[in-house]
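All figures in this text were calculated on a predicted structure; none of them were measured in a lab. In what follows, chains are A, B, ... by sequence order, proteins preceding strands, each numbered from 1.
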2 protein chains.
Amino acid sequence: MKEKVTIYDIAKALNITAATVSRALNNNPKISEATKTLVMETAKKMNYEQNRFALALKSGKSHNVGVIVPFINRNFFSSIIRGIEEELYPKGYHVIICQTHEDAKKEEETVQNLLNAQVDGILMSVSKTTQQVRHFKKILKSNTPLVFFDRIKEMDGVSTVTINDFQGGYMATKHLIDVGCTRIAHATVDLALPIYKHRFEGYKQALEDHDIAYNDDYLITTKSDIDAGEKAIKKLLKLKNAPDAIFSASDYAALGAIQQLNVLGIKVPDDFAVVGFSNEPFTQFMELSMSTVDQSPVEMGKTAARVFLEQMKEPNLKIMKKVELSPELIVRKSSSKLTANNKQI
Amino acid sequence: MKEKVTIYDIAKALNITAATVSRALNNNPKISEATKTLVMETAKKMNYEQNRFALALKSGKSHNVGVIVPFINRNFFSSIIRGIEEELYPKGYHVIICQTHEDAKKEEETVQNLLNAQVDGILMSVSKTTQQVRHFKKILKSNTPLVFFDRIKEMDGVSTVTINDFQGGYMATKHLIDVGCTRIAHATVDLALPIYKHRFEGYKQALEDHDIAYNDDYLITTKSDIDAGEKAIKKLLKLKNAPDAIFSASDYAALGAIQQLNVLGIKVPDDFAVVGFSNEPFTQFMELSMSTVDQSPVEMGKTAARVFLEQMKEPNLKIMKKVELSPELIVRKSSSKLTANNKQI
DNA sequence: TTGTAGGCGTTATCAG
DNA sequence: CTGATAACGCCTACAA
């Protein structure tokens, strides 16, 4: 009952040869319809299942793709993975997931590992600590399609899917200006990483476009957690000319900021407006819901998957595609002043 | 540069035979240390990587495990997956993830799919709509270890990892009684599913143990979303003898309940206490943070993975293990009345 | 201690 | 249209 049935078994049953069975199963045009249907039927009858290993050995394709993210249980990443899975499953690919824990070394090791496993492609978001690109080059050298999403590393031959972080930063900042804020601080995480750099640049550009001088004191570098947000507020409020708003590149830091503002008795949004980034689920469930920038992660995952599929279609020519999705500003209570010409969501 | 080097290549380079190379690489005791190290070295030098397909074809083991969940981007599940990955990766297994979207048909198909892919085991949480067990039997018949986590189906030969939902329901309800509530409602999702049934039974038992009569009017079946929670509150408050607390088997419904209570101007927790279930991340970030029951999902994933590994160690004997983790009551503001003898977290 | 040969399940090439 | 055969890369009796 449990022994696998092979094409030989069904060949024997029909008094033909395995090659014919194989061809029939693969819809080879030079097989008579008669035997084709005959083979198909008995195959079904005998519960035949193609052995993927044999196929993989022969073809060199595993029909698996590797996905590497820092942590799986971060909503942003798990949503991307969801998108990838939904796009790739119908095409017969399985998704192998690995996490780096933001550790460059683990990332290198994982890449090597997936390469050994002969995945047909690697889709990944680069760890924060990654400096080297050696392991990425190895992927390319092995002729395996590589797609970066969100956290990218500029490299020749690698496709990327990102959102327009500049635009996101711009929108968030412009919104704060629109609701009447004039001293807008920015909390970033690490300006060495493109995503944060672009958000910062968008912030700066929005200020400039509205004749607000950029103030270095208002730029604060924090970790992406609640604690960091609290500290940031403490520090900012000590300034002579304290800000009246903050655009945080991290929802978590923004949350910490709001909590600290509450502690200090400063009214959000009236006395201090806050906008985060990422649209983490909790932002909409907070009593004082948080304005933020949505990155449509599921869509991002689907897009990354589609880029990979395109690449698979043209195995001989190197495609390098850069897709940029548009962020969406979501205005909620934390920045909804009555003076504003904005619509509440 | 990109052609794979095989054991034949390294055999040729050393003027020995591939078999010897294979043995050396596998640390076969009947190979001289001299050739062993020699082989090892040149293998490294030539960047030899074992072809996993060939190995898989020969051994029948893929070193992949399949994980099936309803949705990947639900914190509970992604945390479980995180635990599984962290436990299995060091042992050389890769984790393939698939989602059912709570669709029984998709679940069957996915199982079949993973079986074809010859995964070495399947770890899964059963879809809400699943009635049949045909596909599970197929897994067992193929001699593939099967581990259910959280959402299980009682079946012979299947290991399970769950939390003690009865205890969770009991703790939550007892806590509400402790803070002085006497008319405690319960929102469930589907009593046909073991997890919800057990939570309900815990609820009932706690009432009984404290001499509170169970009231059928207080049992309300909702979906697991915000909307459902709002409706539930509306319905409950129409009762002649309206409840003064609710234990919801879903954090989302609990959230909806709190929101609706706010709309109606009913003070939480003083006039109406709320406890949810699952400890979704948003529950602690709400302005009025929500009491809930934590299920330690990462630990659950790790445990499921360990159960799988045990099973792999003893391939000949059928192990059937039932692990039950303890839930943890997390008391937050939504149920922290001053009258209570509880500690705030 | 090492070599030889066969097989894991498929597919591709070459005949017929 | 179909059959025979080799090959994908590795492992393992069996022989030497």
Any protein N or O atoms within reach of nucleotides 14-16 of chain C? Criterion: under 3.5 Å, listing atom names and distances.
none

Does atom NZ of B/K138 have more than 12 heavy-atom neighbours from other groups under 6.0 Å away? no

Separation of C/dT1 P from B/L25 CG (nearest whole Å): 18 Å

Side chain to side chain donor-acceptor pair (under 3.5 Å), that's the test. Do A/H135 and A/E109 meet it? Break it down for me. CA-CA 9 Å; A/H135 52 306; A/E109 183 199 311; over 6 Å; no

Is there a donor-acceptor contact under 3.5 Å linking the side chains of A/T129 and A/S127? yes

Taken to the nearest whole Å, NZ/A/K61 to C1'/C/dT10 is 16 Å

Donor-acceptor check, side chain of A/N28 to backbone of A/A24, threshold 3.5 angstrom: yes or no? no

Can you tell which of A/D9, A/T35, A/T20, A/L38 makes a side-chain contact (heavy atoms from CB on, under 4.5 Å) with A/L14? A/L38

Is the backbone N or O of B/A305 less than 3.5 Å from a side-chain atom of B/E87, with the two atoms forming a donor-acceptor pair by type? no

Is there side-chain contact between B/E107 and B/V126, with heavy atoms separated by less than 4.5 Å? yes

DNA chain C contacts among residues 10-21 of chain A, heavy-atom distance under 4.0 Å: A/A19

Is the terminal nitrogen or CZ of A/K321 (NZ for Lys, CZ for Arg) located under 6.0 angstrom from the six-membered ring centre of A/F308 and within 45° of that ring's axis? no

Counting only non-hydrogen atoms, which of residues 33-45 of chain A are less than 4.0 Å from DNA chain D? A/T35

Measure CZ/B/R52 against C1'/D/dC11 and give the value in whole Å, please. 17 Å

Consider only side-chain N and O atoms of B/N73 and A/R82, and report whether a donor and an acceptor are under 3.5 Å apart. yes

Roughly how many Å is it from NE2 in A/H63 to C1' in C/dT10, rounded to a whole number? 13 Å

Net bend of the helix from C/dT1-D/dA16 to C/dG16-D/dC1, end axes of five pairs each, nearest 10 degrees: 50°

Surrounding CG of A/N27 (heavy atoms of other residues, nucleotides or ligands, distance under 6.0 Å), is the total greater than 12? yes

Quick one: which protein N/O atoms are closer than 3.5 Å to N/O atoms of nucleotides 8-10 of chain D? Pair and distance per line, please.
from	atom 1	to	atom 2	distance (Å)
D/dC10	OP1	B/Y48	OH	2.5
D/dC10	OP1	B/N51	N	3.4
D/dC10	OP2	B/I7	N	2.8

Between B/H101 and A/E86, a side-chain donor and acceptor under 3.5 Å: yes

Scan residues 55-66 of chain A for pairs that pass side-chain hydrogen bond (donor to acceptor under 3.5 Å, both in side chains), counting only residues two or more places apart or in two chains. A/S62-A/D120

Short side-chain to backbone donor-acceptor contact, A/K106 and A/Q99, under 3.5 Å: yes

Does NZ belonging to B/K137 count more than 12 external heavy atoms closer than 6.0 Å? no

Answer yes or no: is there a donor N or O on one side and an acceptor on the other, between the side chain of B/K153 and the main chain of B/T130, under 3.5 Å? yes

